[in-house]
Amino acid sequence: MRVDVVTLFPGFVQQCTGFGVIGRAVERGLLDVEAWNPRDHAEGAYRRVDDTVCGGGPGMVMLIEPLRRALAAARQAAAEPARVIYLSPQGKRLTQDKVKELAGLPRVILLCGRYEGIDERLLEHEIDEELSIGDYVLSGGELAAAVLIDAVGRLQEGALGDSQSAEQDSFSDGLLDCPHYTRPVSHEFGDVPAVLVSGDHAAIDRWRRMQSLGRTWLKRPDLLENVALDEQDRRLLDEFKREHKGQPHEQDH
Ligand code: ADE
């Protein structure tokens, strides 16, 4: 998959692709991330990329033309058609379902804003989709772009060592992941649940499913509203609830 990022800080984006799973995906050619600086497409001695807000008010707004030219250069750099995504707190919230959809595309172009934002006319003409990584305001879209690149990059075929890892992720079936343990089996902080060292794989699968359902109920009960539980799931969740007498903790989400 190819990701082109239009940003005033190309170094930031390149740095984010140098480590861990994403670094390896880039090395193996599973993911190609290129950055495009609108300043390289700006005119005049000062290579201006922003101007004051029409109608008055604080801050600056990014100019249409340098962004338009940077986007055109990015589009022309590869043959595959690209979906152009603007990262902004006003976008639709990024979810794992959306990540999976984007990970299946050959190419996306990510547009990162700075300052007060981008001239609305550029957005109306050039953007296919607007995405947010959460209900808070960052000083620019670059961190959001890095989040998106990480999330789609790790889903590229061959990026994760164990092909099952992505299937077991939290959210992949609408539920949170079960807890994980490693050696030592006995520790002053507690023992690994006995079922996990029993060798009984059916019992282990059952326990993991129950934990996944139970944790979702405890930590993110809102997610359960969108998952169709079968008879077996309902029994497992009831069993978990009996073992954890009481109600889910109230959490903000
Ligand atoms: N740019 C600034 N804040 C953002 C957010 N929450 N998500 C995506 N892009 C942003």
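Atoms within a ligand are numbered from 1 in the order they appear, just like the ligands themselves. Nothing fancy with the numbering, it's 1 onward along the sequence. Here the structure is a predicted model, which means the values were calculated and not measured.
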Just to confirm my output: which protein heavy-atom neighbour is closest to atom 9 (N) of ligand 1, and how far is it?
Ser88 N, 3.1 Å
Would you call Arg93 and Asp135 a salt bridge, taking side-chain N to carboxylate O under 4.0 Å as the test?
yes
Taking NZ, NE, NH1 and NH2 as the nitrogens, is one of them in Arg68 or Asp119 under 4.0 Å from a carboxylate oxygen of the other?
no
For atom 3 (N) of ligand 1, the protein heavy atom that lies nearest, with its residue and separation
Leu138 N, 3.0 Å
Heavy-atom distance under 4.5 Å between the side chains of Ile133 and Leu148, does that happen here?
no
Do NZ/NE/NH1/NH2 and the carboxylate oxygens of Lys98 and Glu101 come within less than 4.0 Å?
yes
For Trp217 and Phe240, take the angle between the two ring planes, folded into 0 to 90°, and tell me which bin it lands in: parallel under 30, tilted 30 to 60, perpendicular over 60.
perpendicular
As a test of understanding, state which of Ile149, Val5, Val3, Leu31 forms a side chain to side chain contact (heavy atoms under 4.5 Å, CB included) with Thr17.
Ile149
Need the ligand 1 atom indices (1-based, order shown) with element for anything under 4.0 Å from a heavy-atom of Leu87.
8 (C), 9 (N)
Nearest protein heavy-atom contact for atom 6 (N) of ligand 1: which residue, which atom, what distance?
Tyr136 O, 2.8 Å
Check each atom of ligand 1 against the heavy atoms of Leu131 and keep those under 4.0 Å away; list them by number with element.
8 (C)
Hey, is Gly140 one of the residues with a heavy atom under 4.0 angstrom from ligand 1?
yes
Does an N or O anywhere in Ile133 fall below 3.5 Å from an N or O of ligand 1?
yes
State the atoms of ligand 1, each with its element, that fall below the 4.0 Å cut-off from a heavy-atom position in Ala144.
8 (C), 9 (N)
Salt-bridge contact Glu65-Arg69 (side-chain N to carboxylate O under 4.0 Å)
yes
With respect to Ser139, determine whether any N or O atom, backbone or side chain, lies less than 3.5 Å from an N or O atom of ligand 1.
no
For ligand 1, which atoms have a heavy atom of Gly134 less than 4.0 angstrom away?
6 (N)
